[in-house]
Structure formats: C-alpha cells, structure tokens
Amino acid sequence: MAAAVLSAPAVAEAPSEPTALGVIDCDVHPYPNTIDTLKPFLSARWVQYIEQSGFAAPPGTRYPKGFELAARRDAWPPNGLRPGADPDFARAQLLDTWNLQYAVLVPLYGHGSVHNDDFAIALATAVNEWQTHDWLDSDPRWRGSIVVTPQLPEAAAQEIRRAAKDPRYVQVMLVVRGQAPYGKRHYHPIFEAACDAGLPVGIHFGGWGTNPITATGWPSYYLEDHTGMTQAFEAQVLSLVSEGVFEKFPDLRVALIEGGFAWLPPLMWRFDKNYKGLREEVPWLRKLPSEYILEHFRMTTQPMDEPPNPQHLLHILDMIGRDDFLMFATDYPHWDFDAPDRALPSVVRGEQRDKIMSLNAAAFYDFERA
Amino acid sequence: MTSSVHDVGAAASFQVGKPRRVEVQGRGFVVLNVGGAHFAARDVCPHQGARLSDGRCKGHVLAAAVGAPLAYHRGRALLQCPWHGWIFDLANGSCLTDPERARIRTYPVHVRGGRVFVDLA
C-alpha cells in the first residue's frame with residue numbers, strides 16, 4: 001500500500017514567492033507551561049486553593065490527539081517546556097522563520113469547564129494577564145485575544161472592558177463548542193462589550209468537552225471529532241444570524257477560526273432557502289441570512305480545505321463571493337499547522353493571494369491600535 | 001379585438017382570506033379577497049411551481065427589535081405558498097424575503113355589479 005501512495009501524483013505545493021506585504025497569522029496558540037505559570041497572575045486565595053487541592057489544569061479533551069498535546073513534533077522547545085509555552089522559541093520558529101508581520105495569539109485554556117464560577121473568572125483574567133506579560137510584551141508582532149468565561153456573560157463583559165484597554169488585544173475569544181448556541185440572548189452582554197470596545201469576536205475550534213460534536217452522540221475517534229468540528233461552526237453561524245444578533249449589534253464582527261471554509265456556500269444556500277419559508281420565526285431579520293454572514297463574518301483558512309483538484313478551491317472562493325472574506329492562519333504549534341508558503345495553493349494568485357495572506361486580516365483586525 | 005378583462009366569478013364566491021383558483025383561457029390564476037379588496041396573480045409559485053391557490057392567506061409577523069413582543073398585522077394581501085412557505089405580497093408580487101429575485105406576476109382586479117373582473121393585459 002505504501003508503494004501505491006508513493007507512486008500517486010504529487011499534490012504538495014511548491015513553495016510560493018514570499019509576499020512583500022508580510023504574512024499575517026490569525027491563529028497561534030500560547031500555553032501556560034503549567035498552572036505555576038499562572039500563579040503570578042492569581043490572588044493569594046487562588047494560589048492557596050491550587051496548592052491545597054493539587055489542581056493542575058482544567059479538564060482537557062476527551063480525545064487523545066494524534067500527536068502529544070496536538071503539537072508539531074518539532075515544536076517542543078529544547079528547554080523542556082511544552083509546545084507553545086516558550087515565547088522566544090515561538091518567535092524564532094514562527095515569527096522569524098516566516099517573517100510574519102503580525103500573529104494573533106489565541107490561548108486555549110479550559111476555564112470554561114471550571115464549575116467554580118469565581119475560580120473560572122480568576123483563571124480567565126490570569127490567562128489574559130499572563131498573555132500580556134509573557135507574550136505581548138516579548139515581541140511587538142504578537143497581538144492578543146481576550147479570553148472570557150462565556151458561561152458567565154456578565155463577568156465576561158467585565159473582563160472585556162478591563163483587558164481591552166490594552167490596544168494590543170485585537171479580539172474577544174470564544175470556543176465554538178460552547179454550552180449553548182451563542183446567539184441566545186443569555187450571551188448578548190459579551191457581544192455588547194465587544195462592540196463597545198470596538199473589538200471583533202473570534203470563535204475558535206474546540207470546546208470544553210461537555211457536548212459531543214455530533215447531534216447523534218459521541219463518536220469514537222479524534223478523526224471524527226476534528227473533521228466534524230464544522231458542525232459546531234455551522235450551528236454558531238445559524239444561531240448568531242437567526243437570533244438577530246447582528247440586528248441588535250450592527251457593528252459586531254465575528255471571525256470563525258480553524259473551522260475551514262468550504263462548507264460555507266452550501267450552508268448559505270440552505271439557510272436562505274429555509275428562511276424564505278420560515279421568516280415568521282425570526283421577524284427581526286431584515287435581509288437574507290447570507291447577507292448577514294457575508295457582512296459580519298470572516299473565516300480563517302486553516303485547516304486549509306484541500307480539494308484534490310486545486311482549481312476547485314477557486315470555485316469555492318467564487319461561491320463565497322467576497323475576496324475580503326478569508327484570512328490566513330497557521331495554527332502554530334499544532335500538528336495540523338498550515339505553512340505560510342505552501343498551504344494556499346498556487347492557483348490562488350496576485351491580489352487575491354495577498355488579500356488572504358495579509359490584507360484581509362489587516363482590514364479586519366485593528367493592528368495599529370497599539 | 002378581444003378584451004383583456006375577464007369575468008372570473010361572483011364576488012360572493014371569493015371568501016375573505018380564502019385564495020381561490022380561477023382559469024382563464026386555459027391559464028390558472030389565484031384570486032384573493034382581503035377585507036373586501038381583491039387581488040390576482042398567476043397561480044404558480046416561481047420557486048417550484050406549486051399552486052399558490054392551495055396556500056394560506058397570512059398576516060405579517062413583525063418585531064420592532066430582538067426580544068420585543070411579536071406583532072401580527074392583518075390587512076396585507078400576503079399569500080404563502082403551500083410547499084416551501086415563501087410569502088408573496090399580492091399588492092406588488094414580491095416575495096417578502098427576496099423581493100428583488102422572487103416575484104409573481106399580479107393583475108388588476110375590479111368588482112362591478114357583484115362580479116369580479118381580472119385584467120390580464
């Protein structure tokens with residue numbers, strides 16, 4: 001079987017010419033090395049709580065990853081820290097290697113699954129403070145995402161208002177697999193605070209393990225969980241539009257991060273078609289769902305959808321219909337990293353390529369706030 | 001010269017809020033009486049060809065804002081396709097949810113002497 005694979009036509013992309021504009025990476029994951037990393041940013045009460053209880057970290061994924069800590073094998077720093085825990089190593093391996101213009105940090109910490117509300121709030125603030133101190137202060141190319149407690153929307157709004165004072169934060173961050181669809185009114189204080197701060201909301205792959213990725217229960221494998229994550233993204237898009245979030249918050253912008261993008265056109269078709277017959281359920285909507293989607297959402301590219309015929313990618317981009325819609329991302333340091341010089345097929349050229357690799361992100365995120 | 005105006009039936013035969021199919025020269029039309037005002041359109045949905053006369057006369061559901069009480073306004077000549085639920089405004093033929101791309105052809109209607117006349121010009 002291996003011979004058959006080796007003899008198959010090569011599909012890997014050759015390296016492309018580096019863009020003179022400088023690539024912008026919209027999805028990089030920093031991790032606290034251990035809970036000790038966060039202690040300087042927690043009050044004495046919570047440090048004592050951690051030490052007495054032996055708390056190590058919030059519950060993680062229910063699926064062992066294909067790679068330890070879901071990391072590229074070469075992303076383990078030689079100093080023994082975990083992947084994504086050493087800003088200097090990440091700077092060299094990511095920012096410098098690819099000469100990135102900016103990279104948006106998206107911390108994935110499981111405070112959303114912590115049932116102690118006060119502890120969850122403290123952890124979210126600590127992650128933000130650690131992000132500021134250890135990462136944003138270490139290199140001017142990093143930009144931050146404000147992590148919040150979506151299970152406590154008022155506290156999340158308070159944290160947004162606090163952290164957004166640092167202009168290096170360019171978005172509010174949620175994970176896609178939440179406890180409920182984010183369009184529900186319970187969550188609106190988060191969007192209100194984001195709009196007040198002038199920040200978009202990023203919704204990222206993953207979740208805190210409380211809901212299966214399918215509507216038919218728990219699948220067996222990470223393969224299914226990872227591939228099926230688009231279901232959660234679709235659900236969030238449906239919810240945010242249907243619940244009228246963009247009528248209530250017309251300035252709200254949402255980035256869908258690490259959800260792929262090829263699924264969007266058929267979702268828009270289905271959504272528009274059903275809306276025509278079911279408008280009465282959502283009479284606050286004033287235009288077709290696809291119009292809200294194309295106006296308010298943007299999507300990152302990773303994990304790049306890879307049709308066997310790369311030309312089909314152009315068809316998908318055409319079906320999406322906006323050339324300012326996609327923003328490049330690597331997902332460093334994860335195993336499904338997209339390389340800046342190879343992930344986007346060479347059939348995407350010229351201005352369209354420049355927009356995806358940097359210009360769209362520069363227009364969406366206000367990197368110059370800082 | 002043949003007149004484009006056709007007698008499609010007694011006014012009393014068009015009940016308020018009940019769409020009814022009439023046929024003129026082999027073509028089907030839907031006639032709708034909304035509070036005494038009559039409307040007519042081709043009896044075919046532009047989407048997948050259902051007979052609109054099998055549909056339902058609707059009020060208009062409105063919300064002033066997200067979370068505001070829902071209002072149900074009667075009085076507009078809104079007709080919902082029996083298959084996929086598209087709603088057309090028979091006053092101008094436009095689909096409520098996609099007015100630029102989804103339309104049905106409408107015709108002037110007059111009531112004289114207890115008869116309903118549709119002008120197919």
Engaged part of A:Lys273 at the chain B interface, taking heavy atoms whose separation is under 4.5 Å: both

Heavy-atom side-chain proximity of B:Val66 to A:Arg185 below 4.5 angstrom: yes

Over 12 non-hydrogen atoms of neighbours within 6.0 angstrom of CD in B:Glu23: yes

Enclosure of A:Arg322 CZ (heavy-atom neighbours >12, cutoff 6.0 Å): yes

B:Lys18 atom NZ, over 12 foreign heavy atoms within 6.0 Å: no

Neighbour count >12 (heavy atoms, 6.0 Å) for atom CZ, B:Arg56: no

B:Leu62 vs A:Pro283 side-chain heavy atoms within contact, under 4.5 Å: no

Straight-line distance of A:Leu288 CG to B:Arg101 CZ, nearest 0.5 Å: 5.5 Å

Segment of B:Ala64 engaging chain A (4.5 angstrom heavy-atom cut-off): backbone

Side chains of B:Leu70 and A:Glu280 in contact at under 4.5 Å (non-hydrogen atoms): no

Residue pair A:Trp284 / B:Ala63: nearest heavy atoms and the distance that separates them: CE3-CB, 3.9 Å

Residues, nucleotides or ligands: over 12 heavy atoms within 6.0 Å of A:Gln231 CD: yes

A:Glu243 portion near chain B, given a 4.5 angstrom heavy-atom threshold: backbone

Spatial distance of atom CG (A:Asp272) from atom OG1 (B:Thr97) [nearest 0.5 Å]: 9.0 Å

Interface residue of largest heavy-atom contact number with chain B, from A:Arg279, A:Glu281, A:Arg286, under 4.5 Å: A:Arg279

B:Arg51 atom CZ: more than 12 heavy-atom contacts under 6.0 Å: no

B:Arg74 atom CZ, neighbour heavy-atom count above 12 within 6.0 Å: no

